[in-house]
Amino acid sequence: MFDVPDDLRAGVRAAAPLLLGVTPFGLVAGVAAVEAGLSPAQAVGLSVVVFAGASQLAAIDLLARDASLAVVVLTAVVINLRMSMYSASIAPYFESFRRRWEMVCAYLLTDLSYALAIAKFTEGEERGSSEAGEGPGVDGVTDRRWYYLGAAGAIWAVWQAATLAGVVLGAGVPESWGVSFAVPLVFLSMLVSELSDRPRAVAALVGGSVAVVGSGWPLNLGLLGGALAGVVAGVAADGRVA
Amino acid sequence: MTTTSYGPLSIWAVVIVVGLLTFVIRYSFIYLLGWVDGMPPRLERALRFVPAAVLAALVAPSLVDPGPSVTATLLDPRLLAGVVAGVVAWTTENMFATLAAGMVTFWAITFLL
């Protein structure tokens, strides 16, 4: 039998290098929320309830600009749609979990926890591939649930702590410093890491251009229109290559 | 950044609705496994482009603010700081370094020049 705390610790250890990136992002989420006029409880509540950085920053940004609530919700949800891919990809590995653990693991699903977990699970699968049967079965190498909870839980804890620190700091930072400029910089950093191939670059170029042209459109339709145009352009560019 | 005019009720509503819908997205296929075989390939292909398209649509209007002239648009401190941050992001792939480079450039241009 496997030692449970060991796998939990292995998960935390795997997440450790990424926490350096989570911290400034969480700080920005906290500072930006306070600067946008959210109360400390609302700012922390956003991080706890939603727990998805990019969508949180987008919601904060749109709330500050008094966009309609439907646009705020729609934009945040569109940003998080990518997580359905993670859900589909990781589902087989969670199949043996009890319902409530499935729900906890789903709540903790982020870009980072997905990337860490899927790397570990497929590695374990390859090592165990001499066994009969296909697909993920019982994995003797790692207790998946503890490993996942270790990695995703560490990310969760650091995210909440960083948001809280940002909320405290944000109250003391003068408006004139323009700290809210950190929000597009965080998006930019994430965008650059997304540009791994030509179709994605096309999606970004078209999405960004339409958003700039449409920045004066009502209901922030430039943002949604840009996103939609970008996805269509990406699919078209991908089809031409394939 | 300007301050929101929405009251606490609206803000909490946004927090809860976005949180619930995000949970539904995360839980979707974990819950459905056994009933469906996974995501339709065409949908999955389209979803791959969502992050790049949405992030670019969020970033671009914050950096590019078409001014009265091409020069004014290009010399906007936000665009210049964004270009520096973009280069740092590309070379270091480090969010902290990207934030630091962008903010320092932004402050240097707005406060010193």
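Lettering follows sequence order; numbering is per chain, from 1. FYI, side chains are in, hydrogens and waters are out, and symmetry mates aren't considered; it's all heavy atoms of this structure.
Contact detail for A:V235 and B:A46: the closest heavy-atom pair is CG2-CA, 3.7 Å. Smallest separation of non-hydrogen atoms from A:V231 and B:A53: N-CB, 3.7 Å. Residues A:N80 and B:T22 approach most closely at ND2-OG1, 3.0 Å, considering heavy atoms. In terms of heavy atoms, B:S62 sits closest to A:P184 at CB-CB, 3.6 Å. Across all their heavy atoms, A:L185 and B:A85 have their closest contact at CD2-CB, 3.5 Å.
For A:R98, the CZ atom counts as loosely surrounded, since its 6.0 Å shell holds 12 or fewer non-hydrogen atoms of other residues, nucleotides or ligands.
Of the listed residues (B:A89, B:G82, B:A52), the one with the most heavy-atom contacts under 4.5 Å to chain A is B:A52. In terms of heavy-atom pairs under 4.5 Å with chain B, the best-connected choice from A:L46, A:V72, A:L223, A:L69 is A:L69. Heavy-atom pairs under 4.5 Å with chain B were tallied for A:A182, A:A88, A:G178, A:C105; the largest tally goes to A:A88. For the set B:A100, B:A57, B:A60, the count of heavy-atom pairs under 4.5 angstrom toward chain A peaks at B:A57. Listed options A:A201, A:S189, A:G37 were ranked by heavy-atom pairs under 4.5 angstrom with chain B; first place goes to A:S189. Looking only at heavy-atom pairs under 4.5 Å with chain A, the residue among B:F111, B:F96, B:W90 that has the most is B:W90. When each of A:G214, A:G234, A:G226, A:A229 is checked for heavy-atom pairs under 4.5 Å with chain B, A:G234 comes out on top. Interface remark: of the candidates A:A58, A:A59, A:A91, A:A67, A:A91 forms the most heavy-atom pairs closer than 4.5 Å to chain B.
With a threshold of 4.5 angstrom between heavy atoms, B:R48 approaches chain A through its backbone and through its side chain. For B:V17, the part lying near chain A is the side chain, with the backbone staying farther off; criterion is any non-hydrogen pair under 4.5 Å. Of the atoms belonging to A:F181, heavy atoms from both backbone and side chain fall under 4.5 Å from chain B. Residue contact with chain A, scored on non-hydrogen atoms closer than 4.5 Å, involves the side chain of B:L33 exclusively. Interface residue B:I11: only side-chain heavy atoms are found under 4.5 Å from chain A. With a threshold of 4.5 angstrom between heavy atoms, A:A41 approaches chain B through its backbone and through its side chain. If you measure heavy-atom distances from A:V202 to chain B, you find no contacts under 4.5 Å at all. Contacts of B:F23 with chain A are made by side-chain atoms alone, with heavy-atom separations under 4.5 Å and no backbone atom involved. Contact of B:L63 with chain A is made through the side chain alone, with heavy-atom distances under 4.5 Å.
Using a 4.5 Å heavy-atom threshold, the side chains of A:E102 and B:Y31 count as separate. Using a 4.5 Å heavy-atom threshold, the side chains of B:Y6 and A:D66 count as touching.
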Are B:M39 and A:S84 close enough, and set up right, to give a side-chain contact (heavy atoms from CB on, under 4.5 Å), and what steps lead you there?
-> CA-CA 9 Å; B:M39 189 176 285; A:S84 59; 3.6 Å; yes

B:L55 and A:I79: CA distance, side-chain angles, deciding distance, side-chain contact (heavy atoms from CB on, under 4.5 Å) verdict | CA-CA 8 Å; B:L55 288 170; A:I79 291 172; 5.9 Å; no

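In terms of modelled atom types and a separation under 3.5 Å, the side chain of A:R82 and the main chain of B:P51 share no donor-acceptor contact. Proximity of a side-chain donor or acceptor of B:T2 to a complementary backbone N or O of A:A64 within less than 3.5 Å is detected. With A:S87 contributing its side chain and B:F29 its backbone, the two residues share a donor-acceptor pair below 3.5 Å. Here the side chain of B:T4 pairs no donor or acceptor atom with the backbone of A:A36 at under 3.5 angstrom.
Between the CD atom in A:E95 and the CD1 atom in B:I30 there is a gap of 11.5 Å [rounded to 0.5 Å]. Separating the CH2 atom in B:W12 from the CG atom in A:L38 is a distance of 8.5 Å, to the nearest 0.5 Å. Taking CG of B:L21 as the start and CG of A:L74 as the end, the distance is 10.0 Å to the nearest 0.5 Å. For the atom pair A:M85 CE and B:L43 CG, the distance stands at 9.0 Å (nearest 0.5 Å). We find the OG-CZ distance between A:S113 and B:R26 to be 7.5 Å, quoted to the nearest 0.5 Å. Rounding to the nearest 0.5 Å places CZ of B:F49 at 14.0 Å from CG of A:L228.
Chain A is approached within less than 4.5 Å, heavy atom to heavy atom, by B:P66, B:R78 from residues 65-79 of chain B, ordered by number. Among residues 50-57 of chain A, the residues having any heavy atom closer than 4.5 Å to a heavy atom of chain B are, in sequence order, A:V50, A:F51, A:A52.
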